[in-house]
Q: 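Mind looking over this structure? Questions follow.
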Amino acid sequence: MTVPHHALEIILTRPLAANALHRATRALPLAANHDATRLTALVEAKTAHRAARRLRHQVGARLPIDVITTHYPGTDHKVLLNIAFAPAAHAVLTAGARRARQRPERFVELALRRALAEHADQEIDRLEQAVRELLTQTTPACLLSAVGHALTRLSERPTS
């Protein structure tokens with residue numbers, strides 16, 4: 001039986017110095033973004049949960065890890081977040097989960113879903129207000145045409 005590899009992303013609390021990145025890559029091959037605040041690793045494990053735990057164990061002492069997340073959604077279409085909370089924050093979350101009669105993982109998941117939904121609603125409201133403002137200065141047809149041109153130009157730009 002082959003064990004799958006999981007692509008995991010490490011989000012750091014601060015940029016890494018070149019020598020710290022070099023030391024960390026001795027434990028596990030890592031790819032860094034331009035400012036070394038995000039790293040990617042392939043970790044062999046049966047599940048994404050085990051891969052995240054293994055990654056934290058292998059490089060957690062060498063890196064200022066904030067969050068470990070799966071780079072791609074799993075078969076359940078969800079992205080795994082592996083967060084090591086400070087003891088005080090962990091105690092607050094555990095108490096809140098206990099009051100809500102939920103596992104701490106589920107409690108955090110639902111809180112994140114609510115926060116993301118609220119953010120999405122706020123973004124829609126902001127964009128709707130911006131469109132209304134633009135429509136005071138032009139017609140809907142002209143605005144739609146301008147948006148089409150802008151989106152076309154965005155897709156033509158090279159990605160770097």
Side-chain angles (χ1 to χ4, degrees), residues 5-18 20-21 24 30-43 47-53 55-56 59-60 63-160:
H5 286 78
H6 299 273
L8 299 176
E9 186 169 353
I10 302 168
I11 302 163
L12 303 172
T13 55
R14 64 181 182 277
L16 274 186
L21 179 59
L30 300 166
N33 70 337
H34 71 286
D35 64 354
T37 56
R38 298 167 80 111
L39 308 172
T40 301
L42 283 176
V43 180
T47 67
H49 289 277
R50 287 183 180 178
R53 279 196 304 267
L55 178 60
R56 190 175 289 280
V59 296
L63 298 173
I65 296 175
D66 207 11
V67 176
I68 296 174
T69 180
T70 49
H71 197 65
Y72 302 103
T75 55
D76 58 357
H77 307 288
K78 294 181 180 179
V79 172
L80 172 73
L81 291 178
N82 177 290
I83 305 167
F85 291 106
H90 188 270
V92 169
L93 288 172
T94 303
R98 197 174 305 123
R99 280 192 305 277
R101 294 191 166 104
Q102 297 170 342
R103 292 185 353 261
E105 295 84 3
R106 180 70 175 155
F107 182 75
V108 170
E109 178 184 357
L110 292 175
L112 283 171
R113 285 180 184 266
R114 283 191 301 273
L116 290 171
E118 183 178 328
H119 174 74
D121 289 345
Q122 290 171 351
E123 183 66 1
I124 288 169
D125 290 345
R126 184 187 69 79
L127 291 172
E128 189 176 329
Q129 182 60 37
V131 168
R132 281 195 193 120
E133 178 65 31
L134 289 169
L135 286 171
T136 64
Q137 302 165 28
T138 189
T139 66
C142 287
L143 179 58
L144 187 58
S145 177
V147 168
H149 284 285
L151 291 175
T152 302
R153 289 189 191 110
L154 282 178
S155 64
E156 293 172 354
R157 290 184 187 159
T159 57
S160 51

Q: Are Val59 and Leu39 side-chain neighbours, meaning at least one heavy-atom pair lies under 4.5 Å?
A: no
Q: Grab the two heavy atoms, one from Ala32 and one from Leu21, that are nearest each other, plus how far apart they are.
A: CB-CD2, 3.8 Å
Q: With sequence neighbours left out, write down each residue that passes salt bridge (Lys or Arg N to Asp or Glu O under 4.0 Å) with Arg106, or none if nothing qualifies.
A: Glu109
Q: Within this structure, what is the CG-NE2 distance for the pair Leu154 and His149, rounded to the nearest 0.5 Å?
A: 13.0 Å
Q: Answer yes or no: is there a side-chain heavy-atom contact under 4.5 Å between Ile65 and Leu55?
A: no
Q: With rounding to the nearest 0.5 Å, note down the distance linking CD1 in Ile68 to CZ in Arg53.
A: 11.0 Å
Q: To the nearest 0.5 Å, tell me how far Leu30 CG sits from Glu9 CD.
A: 12.0 Å
Q: Start with the C-alpha distance between Leu81 and Val108, add both sets of side-chain angles, then the distance that settles side chain to side chain contact (heavy atoms under 4.5 Å, CB included), and finish with yes or no.
A: CA-CA 10 Å; Leu81 291 178; Val108 170; over 6 Å; no
Q: Less than 4.5 Å apart, side chain to side chain, heavy atoms only: is that true for Leu12 and Asp66?
A: no
Q: Kindly give the heavy-atom pair with the smallest separation between Val43 and Ala51, and that separation in Å.
A: CG1-O, 3.6 Å
Q: Please tabulate, for side-chain N and O atoms in residues 82-95, each donor-acceptor pair with protein atoms closer than 3.5 Å (sequence neighbours left out).
A:
| residue | atom | partner | partner atom | Å |
| --- | --- | --- | --- | --- |
| Asn82 | OD1 | Arg56 | NE | 2.7 |
| Asn82 | OD1 | Arg56 | NH2 | 2.7 |
| His90 | ND1 | Thr94 | OG1 | 3.4 |
| Thr94 | OG1 | His90 | O | 2.8 |

Q: Check salt bridge (Lys or Arg N to Asp or Glu O under 4.0 Å) between Arg103 and all other residues, then give those that pass, not counting sequence neighbours.
A: Glu105
Q: Which is it for Thr70 and Leu8 under the side chain to side chain contact (heavy atoms under 4.5 Å, CB included) test, yes or no, and what are the steps along the way?
A: CA-CA 4 Å; Thr70 49; Leu8 299 176; 3.8 Å; yes
Q: I need the minimum non-hydrogen distance between Ala48 and Leu80, along with the two atoms involved.
A: O-CD2, 3.5 Å
Q: Report yes or no: does Ser145 contribute a side-chain atom to a donor-acceptor pair with the main-chain N or O of Ala141 at less than 3.5 Å?
A: no
Q: Where do Pro64 and Leu16 come nearest, in terms of heavy atoms and distance?
A: CD-CD2, 3.8 Å
Q: Is there a donor in the side chain of Gln122 and an acceptor in the side chain of Glu118, or the other way round, less than 3.5 Å apart?
A: yes
Q: Looking at side-chain heavy atoms only, is the closest gap between Glu123 and Arg126 below 4.5 Å?
A: yes
